[in-house]
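Please read the structure below before turning to the comments.
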2 protein chains.
Amino acid sequence: MKAQRAHFAEPLQLRSGAALSGYDLVYETYGCLNAAKSNAILVCHALSGHHHVAGHTADDPDNIGWWDNIIGPGRPLDTDKFFIVGVNNPGGCHGSTGPATVNPATGKPWGSDFPLMAVVDWVHAQARLADLLGIDAWAAVIGGSLGGMQALRWAITYPQRVRHALVIAAAPKLSAQNIGFNDVARQAILTDPDFHDGHYYDHGVTPWRGLRLARMLGHITYLSDHGMAAKFGRELRGGNVKFGYGVEFEIESYLRHQGDKFAGYFDANTYLLMTKALDYFDPARETNGNLAAALAVAKAKFLVVAFSTDWRFAPARSREIVDALLRNGQPVCYAESKASFGHDSFLMVDDYFHGVVRAYLANVSR
Amino acid sequence: MKAQRAHFAEPLQLRSGAALSGYDLVYETYGCLNAAKSNAILVCHALSGHHHVAGHTADDPDNIGWWDNIIGPGRPLDTDKFFIVGVNNPGGCHGSTGPATVNPATGKPWGSDFPLMAVVDWVHAQARLADLLGIDAWAAVIGGSLGGMQALRWAITYPQRVRHALVIAAAPKLSAQNIGFNDVARQAILTDPDFHDGHYYDHGVTPWRGLRLARMLGHITYLSDHGMAAKFGRELRGGNVKFGYGVEFEIESYLRHQGDKFAGYFDANTYLLMTKALDYFDPARETNGNLAAALAVAKAKFLVVAFSTDWRFAPARSREIVDALLRNGQPVCYAESKASFGHDSFLMVDDYFHGVVRAYLANVSR
């Protein structure tokens, strides 16, 4: 796989009132777009994801796409049948225009001058990519977590352009607890002395401490209590308590390793921006909190999937979406997997979840 | 109320193998010790608690004890009937010898040279205070959360010296998730540039950023998702999204305020030490993971109380203790309150919980 790059010269008007002047999107495609351009599926990424959803990159056989287990020839998102598009959202840090890219107005990285974005802004940007690719309507838009929110937003904002919305491990809006976790993560970054008001690029440093903490915390919320217990229990590194602050329990080793790794490659401003887009997401806000009213304009058919061990976006949150659709008499399938990996289950090989997606897409016309 | 101070000259041998040379304990007492010295109740504090459990301090009418709602004349822990003792554990930061007090060997604050402690070490220290007060056996030892673990440990370590153990909102050991949250909090403090390897006192600074983050995170785990939703929902400060990193949602305001306040008065080394004592607590470790075997030596009667909205130490964790006691045929009462405040419920006015404690103590002989 080799990423492609598209430049969009027309400014993107944002929900915040700001506008993003000309911007680049980096994307990858898999499979072949048919003559009718009716077999395209858009894969939307979550907080730390990107355009590289499947296969390996041309330069690195070990750089496997983050959703490779579900996308490929013969896989549930079958690249023999569908034309799959993965895109890095604006504001991201994997090639598309974002806080770490150069602001043409200053010749320096945008940093915290990069405008904050809402999910709907990404959907507009993705729609322009669809225009470029000649895709009038997606056969399906699919995503997990924040990606599922984009699928939901697509169905509301561009009802004519999405035939199926696959909303996985998502929620119609964040709870106070969800926002609380996001704010702790943000405060970790914002109070890191190396944050420099978001212009750390100019100082040759990164707020790695804050980003590392944010990721450690994130990983706790991505896993289930039971899943963690099964994977790590209270196992001691080296078999003994050491009465010190080094790694003592396996779970500490896991979280610190994940935090270190992430802080080494991810951009802190992007992390901040992504968590804010999560917090702001609430399509029912425009209809006085009535989610059914917000969804009424959608023409898509829906598949909603939740995971019973997911406590970040518990199944009850997915069922809010299902209930709203049912209230409108809109077509929706709902499935709940018992996979034990918590919120992360949507990224794992889960035969039940994969089977549901496979069966659903088998009935999607191309 | 006026705190008293006791000095203990004999070194305290610790579970880590280290010893704490002479140390001070600060404590408060409420009510009158009867002639038989049989009406004494020890109140054990949790992570951020201390000896000042009820009433107000002599110098400040607004400085109300942290468990004042349950302790006092006519209250469930009735000071007209019982002699209540609150003590700040060694390692604490409210007057007892701890990391912020002066190490006689160096003439400087102990800092990170203060030995890490286990729950059993606190119990030994408390037993010496009982000796000093002439109390052979407590009528009851009570505590919530980490305090409940001390009550449990008392019953195992000094079976002859505790007649009733009241274990509130506790667990027989931490889960991997619990340890994970603690480690994120610790890493926030340990990586704060102002931590200076735990000797920040010498630099005239405190690792307030890390301590603030630790407390913000703690508060999320102290409240229930539902309780947070009821209290804060997704209410916006000022009614509008501002597309910036200031306070936007009420929950952010609450968490940051709690974090700021805490970072202003609590000692970071104590916070680290307390979280480690939590992680290490596991009395069944000594009996190959068999909790019933660990508890078999206890002579106390037990009251175990859990709160259905507590997800930090969920009721299932309390029931592990109850089940182990029942397996041994040991006397135990169990109650589960539906209070909506999550783990914090034990600190709140909850008629059900208070009624249970009142009824239980009514049958405790004095």
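All values reported here derive from a predicted model rather than from experimental measurement. Quick note on labels: first sequence line is chain A, next is B, and so on, each numbered from 1.
Of the options B:L116, B:T275, B:D197, B:I189, a side-chain contact (heavy atoms from CB on, under 4.5 Å) to A:Y245 is made by B:L116 and by none of the others.
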- Could you walk me through whether B:F181 and A:M216 pass side-chain contact (heavy atoms from CB on, under 4.5 Å), step by step? CA-CA 9 Å; B:F181 279 125; A:M216 289 178 71; over 6 Å; no
- Task: I would like to know whether B:K276 and A:F243 meet side-chain contact (heavy atoms from CB on, under 4.5 Å); could you show each step before the answer?
- Result: CA-CA 8 Å; B:K276 272 295 181 186; A:F243 288 95; over 6 Å; no
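One finds the CG atom of B:L174 at 12.0 Å from the CD1 atom of A:I251 (value rounded to the nearest 0.5 Å). Rounded to the nearest 0.5 Å, atoms OH (B:Y254) and CG (A:D183) are 13.5 Å apart. Note that the CD1 atom of B:I179 and the CD atom of A:E250 stand 11.0 Å from one another [nearest 0.5 Å]. Between atom CG of residue A:D279 and atom CD of residue B:E252 there is a gap of 6.0 Å, rounded to the nearest 0.5 Å.
Most heavy-atom pairs under 4.5 Å with chain A, from the set B:N182, B:L273, B:V184, B:L190: that is B:V184. For the set B:R186, B:Q187, B:M117, B:K242, the count of heavy-atom pairs under 4.5 angstrom toward chain A peaks at B:Q187.
Only the side chain of A:L255 comes within less than 4.5 Å of a heavy atom of chain B; its backbone N, CA, C and O stay farther away. In this structure, the portions of A:L213 lying under 4.5 Å from any heavy atom of chain B include both its backbone and its side chain. Of the atoms belonging to A:R256, it is side-chain heavy atoms, and not backbone ones, that fall under 4.5 Å from chain B. The contact between B:L217 and chain A is made by backbone and side chain atoms together, counting heavy-atom distances below 4.5 Å. Of the two parts of A:L14, neither the backbone nor the side chain holds a non-hydrogen atom closer than 4.5 Å to a non-hydrogen atom of chain B. Only the side chain of A:E248 comes within contact range of chain B, with heavy atoms under 4.5 Å apart. For A:L236, no part sits under 4.5 Å from any heavy atom of chain B, backbone or side chain. Residue A:N178 does not touch chain B at all, counting heavy-atom pairs closer than 4.5 Å.
Not counting sequence neighbours, the partners of B:R209 by the salt bridge (Lys or Arg N to Asp or Glu O under 4.0 Å) test are B:D192, B:D194.
The minimum heavy-atom distance between A:R234 and B:F281, with the atom names listed, is NH2-O, 3.6 Å. Scanning both residues, B:G233 and A:A176, for their nearest heavy atoms gives O-CB, 3.3 Å.
Proximity of B:R15 to A:V241: side-chain heavy atoms (C-beta onward) are separated by under 4.5 Å at one or more points.
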Going by atom type alone, with no hydrogens or angles, which donor-acceptor pairs under 3.5 Å involve a side-chain atom of residues 222-232 of chain A and a protein atom two or more places apart or on another chain?
| unit_1 | atom_1 | unit_2 | atom_2 | d |
| --- | --- | --- | --- | --- |
| A:S224 | OG | A:G227 | N | 2.7 |
| A:S224 | OG | A:S340 | O | 3.1 |
| A:D225 | OD1 | B:S175 | OG | 3.4 |

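Using the six-membered ring where Trp is involved, B:F249 and A:Y280 have ring planes that are tilted, between 30° and 60° apart.
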